[in-house]
Amino acid sequence: MTDGRRPARARACGAGRGERIVQALVGLLLAAFALDSLDQPLLAGAVGAFAALVLVGAVRGWCPGSLPMLLAARRAERPNRHGIPEARQDLLG
């Protein structure tokens, strides 16, 4: 970017190599737990879905907790139905 701001992905998480490795290990641990609890399908499905989210985040380099912030940043970049970009401000910061 030309205005010196960091991209939304870097602001959202900024996971380094070590953090991504730990995130992948946690995702594998969650996947193993999901496989172990296949006798309870609701629990296994929920944990399996979260494990997949964590593993994809480790590979792509974003944190699952920052996903709502990334989606909000994408929504803010799109112009509204009149073609005018929204002028959003951080109210708490």
Side-chain angles (χ1 to χ4, degrees):
M1 299 184 134
T2 58
D3 61 354
R5 291 184 299 172
R6 296 170 61 191
R9 180 185 300 168
R11 283 192 315 260
C13 182
R17 178 179 287 169
E19 292 169 345
R20 290 172 71 174
I21 290 171
V22 170
Q23 188 175 356
L25 291 175
V26 168
L28 289 174
L29 183 68
L30 286 171
F33 179 74
L35 287 175
D36 187 47
S37 61
L38 283 177
D39 56 341
Q40 299 174 355
L42 186 62
L43 176 66
V47 173
F50 186 69
L53 183 69
V54 170
L55 286 172
V56 168
V59 170
R60 301 242 3 221
W62 51 265
C63 298
S66 66
L67 187 59
M69 188 168 67
L70 289 173
L71 292 175
R74 280 191 189 155
R75 253 184 266 126
E77 290 174 359
R78 291 184 293 191
N80 59 17
R81 65 181 175 185
H82 300 293
I84 303 169
E86 297 286 338
R88 301 194 181 237
Q89 296 176 352
D90 186 19
L91 298 176
L92 300 175

same_hphob_cluster(L53, L30) at 4.5 Å side-chain heavy-atom cutoff: yes
A51 and G27: which non-hydrogen atoms are nearest, and at how many Å? CB-O, 3.6 Å
Would a single hydrophobic cluster contain both V47 and V26, if residues Ile, Leu, Val, Met, Phe, Trp and Tyr are joined by side-chain heavy-atom contacts under 4.5 Å? yes
For the residue pair R60 and R20, what are the closest heavy atoms and their distance? C-NH2, 3.9 Å
When every non-hydrogen atom of Q23 is compared with those of V54, the smallest separation belongs to O-CG1, 3.3 Å
Exercise: identify the closest heavy-atom pair between A44 and A34: CB-O, 3.5 Å
Path from F50 to F33 over hydrophobic side-chain contacts below 4.5 Å: yes
